[in-house]
Undergrad: 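Pasting a structure below so you can have a look.
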Amino acid sequence: MAAVGGGGRGKSGGKKGEESLAYRAWRQYLLQLQQHPLRTKMITAGCLAGISDSVAQKLSGFQKIEKRRLLLKMLFGFAYGGPFGHFWHKVLDYIFKGKKDNKTIAKKVLLEQLTSSPLNNILFLSYYGYVVERRPLNEVKNRVKKQYPSVQLSAWMGNISQPSRKDYVFEAGIDNQVCKVGHVVVLLSVVVTGIH
């Protein structure tokens, strides 16, 4: 990773040493990412899962945030998403011998979308149905079998429109959240793969 901070971007136009709060926070984040990559990625994934779910709940018309659901999704991001992403990128770096050119980045993203994306979507749908919604295991299995193909296809095709079926991902008001989060994950994968 390049040196933390970069050459002058994000600094205010004032005296030398004056930096915006956002710039200082970003520098601290990058420093933590260098010094404690796994921990930082775990916390980041948990926070992003929480923000994503809060927004999804509000957009779905929830009057009050369901705290249990929010915390369980944050736990999923913290305990699975962060560590998985961290070690998956190490595997990709090993496979592609640390190359960082645009062609290699495209290959990494393609490999990720064909391997870990399906796994992550199946695991998330299963976790959501069984842990968050507390559905019986047989019902979760049947719903994942039925709904996984369209969720994965939507994640690959970039369909960010609302689905026509109300029970698209489960009847929890998250509608197309997996797909929308998938788009963010793909975009972040390109960025992270490029700077990793």
Undergrad: Considering only Ile, Leu, Val, Met, Phe, Trp and Tyr, and joining two whenever side-chain heavy atoms are under 4.5 Å apart, list the other residues clustered with Tyr94.
TA: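 Via sub-4.5 Å side-chain contacts, Tyr94 links to none.
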Undergrad: For the pair Val55 and Lys58, evaluate side-chain contact (heavy atoms from CB on, under 4.5 Å) and give the outcome as yes or no after the intermediate values.
TA: CA-CA 5 Å; Val55 170; Lys58 284 299 179 184; 5.9 Å; no
Undergrad: side-chain contact (heavy atoms from CB on, under 4.5 Å) with Lys107: which residues, sequence neighbours excluded?
TA: Phe96, Lys103
Undergrad: Would you give the length of the straight line joining atom NZ of Lys108 to atom CG of Leu110, rounded to the nearest 0.5 angstrom?
TA: 13.5 Å
Undergrad: Classify the ring geometry between Phe76 and Tyr127 as parallel (under 30°), tilted (30 to 60°) or perpendicular (over 60°).
TA: tilted
Undergrad: Check the hydrophobic clustering (I, L, V, M, F, W, Y; side-chain heavy atoms under 4.5 Å; chains of links allowed) and say if Leu72 and Ile122 are grouped together.
TA: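 Leu72 clusters together with Ile122.
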Undergrad: With Phe87, which residues qualify under side-chain contact (heavy atoms from CB on, under 4.5 Å), at least two apart?
TA: Leu38, Lys90
Undergrad: At what distance, to the nearest 0.5 angstrom, does CD of Glu66 lie from OG of Ser54?
TA: 11.5 Å
Undergrad: Hey, could you give me the CD1/CE distance between Ile51 and Met74, rounded to the nearest 0.5 Å?
TA: 8.0 Å
Undergrad: Is there a path of hydrophobic side-chain contacts, each under 4.5 Å between heavy atoms of I, L, V, M, F, W or Y residues, that connects Leu137 with Val131?
TA: yes
Undergrad: Measure the shortest side-chain to side-chain distance between Gln57 and Lys64 over non-hydrogen atoms and say whether it is less than 4.5 angstrom.
TA: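 Result no, sub-4.5 Å side-chain heavy-atom pair not found.
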Undergrad: With sequence neighbours left out, write down each residue that passes side-chain contact (heavy atoms from CB on, under 4.5 Å) with Phe84, or none if nothing qualifies.
TA: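 Once residues adjacent in sequence are excluded, the partners of Phe84 under the side-chain contact (heavy atoms from CB on, under 4.5 Å) criterion are Tyr80, Trp88, Ser116, Leu119, Asn120.
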Undergrad: Run the side-chain hydrogen bond (donor to acceptor under 3.5 Å, both in side chains) test against Tyr29 and tell me which residues pass, sequence neighbours left out.
TA: Thr44
Undergrad: With sequence neighbours left out, write down each residue that passes side-chain contact (heavy atoms from CB on, under 4.5 Å) with Ser117, or none if nothing qualifies.
TA: Gln113, Asn121, Gln152, Trp156
Undergrad: Locate the shortest heavy-atom distance separating Pro83 from Gly77; write the atom from each residue and the value.
TA: CD-O, 4.4 Å
Undergrad: Please check if the number of heavy atoms outside Lys145 that lie under 6.0 Å from its NZ is greater than 12.
TA: no
Undergrad: Would you find a donor on one side and an acceptor on the other, under 3.5 Å apart, between the side chain of Thr115 and the backbone of Leu111?
TA: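 Pair found, side chain donor or acceptor close to backbone of Leu111.
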Undergrad: Measuring from Ile65:CD1 to Leu71:CG, what's the distance to the nearest 0.5 Å?
TA: 11.0 Å
Undergrad: If only side-chain N and O atoms count, and only distance matters, is there a donor-acceptor pair under 3.5 Å linking Arg69 with Tyr128?
TA: yes
Undergrad: Any idea which heavy atoms bring Gly81 and Ala45 closest together, and the distance?
TA: C-CB, 4.2 Å
Undergrad: Using 0.5 Å steps for rounding, measure from the CD atom of Gln147 to the CG atom of Asn142.
TA: 10.5 Å
Undergrad: Determine whether more than 12 heavy atoms belonging to other residues, nucleotides or ligands lie under 6.0 Å from atom CZ of Arg68.
TA: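 More than 12 within 6.0 Å, yes.
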Undergrad: Let me know which of His36, His86, Gln32 forms a side-chain hydrogen bond (donor to acceptor under 3.5 Å, both in side chains) with Lys41.
TA: His86
Undergrad: Less than 4.5 Å apart, side chain to side chain, heavy atoms only: is that true for Pro118 and Tyr148?
TA: yes
Undergrad: When hydrophobic residues are tied together by side-chain contacts of less than 4.5 Å, even through go-betweens, does Val132 share a cluster with Phe124?
TA: yes
Undergrad: Is a donor on one side and an acceptor on the other found under 3.5 Å between the side chain of Arg143 and the backbone of Gly129?
TA: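 It does not hold such a pair.
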Undergrad: Hey, what do you get for OH (Tyr23) to CD (Glu18), rounding to the nearest 0.5 Å?
TA: 13.5 Å
